[in-house]
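Chain A is the first sequence line, chain B the second, and so forth, proteins listed ahead of strands; every chain is numbered from 1.
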Number of protein chains: 2
Amino acid sequence: MFKRKISSIMKKKQTSPNISKNFMDHDHELCFESALKDFKQHFIEKELKLTPLRLKVFQLLLKDHRPLGAYQILDLLRKDGFSSTPPIAYRVLDFLIEHGFVHKIKKLNAFVACSHPGNSHSPTFMICRKCEKVAEINEKESGLKFNKETSSEFKIEEAIIELIGICKNCTKIEVI
Amino acid sequence: MFKRKISSIMKKKQTSPNISKNFMDHDHELCFESALKDFKQHFIEKELKLTPLRLKVFQLLLKDHRPLGAYQILDLLRKDGFSSTPPIAYRVLDFLIEHGFVHKIKKLNAFVACSHPGNSHSPTFMICRKCEKVAEINEKESGLKFNKETSSEFKIEEAIIELIGICKNCTKIEVI
DNA sequence: AAGTCAATGTTATATTATAACATTACTACA
DNA sequence: TGTAGTAATGTTATAATATAACATTGACTT
Ligand SMILES: [Zn+2]
Ligand SMILES: [Zn+2]
Ligand SMILES: [Zn+2]
Ligand SMILES: [Zn+2]
């Protein structure tokens with residue numbers, strides 16, 4: 001009976017994927033460390049060079065699920081003693097984007113750490129205009145699909161999908 | 001029997017919406033004039049002021065289903081004797097966007113004439129990276145939907161959806 | 001040690017967009 | 001008919017975002 005209860009909880013967790021974790025209270029220290037570990041692991045697997053600059057930029061982007069603009073990143077780099085002219089940020093960001101560790105949010109001209117690094121993918125972003133946090137959901141989670149018509153008419157190579165609105169947490173706060 | 005044939009043709013036209021007309025050969029003069037007529041009609045209905053500048057910018061955007069950047073528009077305006085400092089273009093574009101006559105393509109930092117003016121909507125764009133033309137499809141045509149999970153987790157107010165790829169016409173050309 | 005190469009640093013500039021204020025030209029109505 | 005109000009356009013300056021081109025560094029190779 002006890003076991004059953006646990007398994008029921010487990011099941012509930014699985015069927016309700018935590019797609020908006022980023023917006024809600026969560027153990028962000030754990031979240032941060034886990035993402036960082038993943039990041040480092042991918043560098044090893046792909047035999048990429050993890051330099052202090054690349055690490056620093058990724059850590060900055062992991063801070064709080066809020067995207068950072070290139071010039072915000074430069075300011076933060078300056079504080080840490082790195083060089084801080086525009087190409088520094090853009091080059092590192094290009095590298096991290098190319099290898100799937102970072103995405104650019106077109107709506108904001110800003111950058112976020114990828115939530116599913118390693119796999120190339122066409123992510124969908126939810127952008128809360130209130131708390132300004134961003135969550136990335138993958139294709140399966142979003143339930144997003146184009147109909148046969150569309151796919152037969154146009155060979156899709158890349159999809160930019162950004163949803164702007166209000167997150168669950170900010171809705172909750174609004175009601176109070 | 002003759003009537004029947006016609007209605008069958010009509011039906012075929014309806015069930016196969018011409019969502020990628022913009023990419024294919026078509027009577028663009030008709031396309032242009034029809035869009036322009038619509039545009040003018042909406043100005044009357046909404047009691048907006050159709051100035052020479054607004055008309056000119058919209059006409060420029062109707063030219064060939066290719067988006068134009070603000071500074072491209074300014075160059076074209078200059079040739080027509082209009083003033084051509086940045087705020088001129090951005091203000092007119094803001095106005096046209098606000099009233100649903102124009103959209104901005106984030107991927108390209110460029111602007112296109114709306115294909116379904118009058119109705120506020122969250123359009124989906126198909127952007128051909130080869131011929132650089134753009135087609136707008138509405139929600140029903142795209143068959144795009146988010147699952148219940150997503151909509152319960154996040155209150156969507158605006159959706160930016162841009163599909164980059166190769167259009168039907170450019171695919172055809174590639175094969176040849 | 002000299003050569004190679006990727007990463008970072010530096011300088012300059014391109015591209016996209018907005019702020020702030022001035023002028024024009026149409027409307028209202030005194 | 002003049003003048004106050006207002007929306008549109010014009011002007012000047014500058015902000016924000018991004019890239020080109022070349023120099024330096026430092027690790028690794030031979
Ligand atoms: Zn977190
Ligand atoms: Zn929020
Ligand atoms: Zn046309
Ligand atoms: Zn094409």
Report all side-chain donor-acceptor pairs from residues 67-77 of chain B shorter than 3.5 Å, counting only partners two or more places apart or in another chain.
residue: B/Q72; atom: OE1; partner: B/G69; partner atom: N; Å: 2.7
residue: B/D75; atom: OD1; partner: B/R78; partner atom: NH1; Å: 2.9

Return the value, rounded to whole Å, for the distance between atom [atom1] of [X] and atom [atom2] of [N].
X	N	atom1	atom2	value
B/I97	C/dT16	CD1	C1'	13 Å
B/F95	D/dT6	CZ	C1'	15 Å
A/L55	C/dA7	CG	C1'	15 Å
B/Q72	C/dA17	CD	P	12 Å
A/I88	C/dA6	CD1	C1'	13 Å
A/R54	C/dT8	CZ	C1'	10 Å

Is the backbone N or O of B/M24 less than 3.5 Å from a side-chain atom of B/N169, with the two atoms forming a donor-acceptor pair by type? no
Can you list every pair that meets salt bridge (Lys or Arg N to Asp or Glu O under 4.0 Å) and has a residue in residues 81-102 of chain B, with sequence neighbours left out? none
Sugar-phosphate or base contact per nucleotide [nucleotides 12-30 of chain D; S, B, -; heavy atom under 4.0 Å]: B----BBBBB---------
Counting only heavy atoms not in B/E45, do more than 12 fall under 6.0 Å of its CD? yes
Applying salt bridge (Lys or Arg N to Asp or Glu O under 4.0 Å), can you list everything that pairs with A/E132, at least two apart in sequence or on another chain? none
Which residues, if any, of residues 73-83 of chain A bring a heavy atom under 4.0 Å of DNA chain D? none
Verify whether the ring centers belonging to A/H103 and A/F125 lie closer than 6.0 Å. yes
Suppose we call two aromatic rings close when their centres sit under 6.0 Å apart. Are A/F95 and A/F101 close by that rule? no
With sequence neighbours excluded, residues passing side-chain contact (heavy atoms from CB on, under 4.5 Å) with A/F32: A/H28, A/L36, A/Q59, A/L62
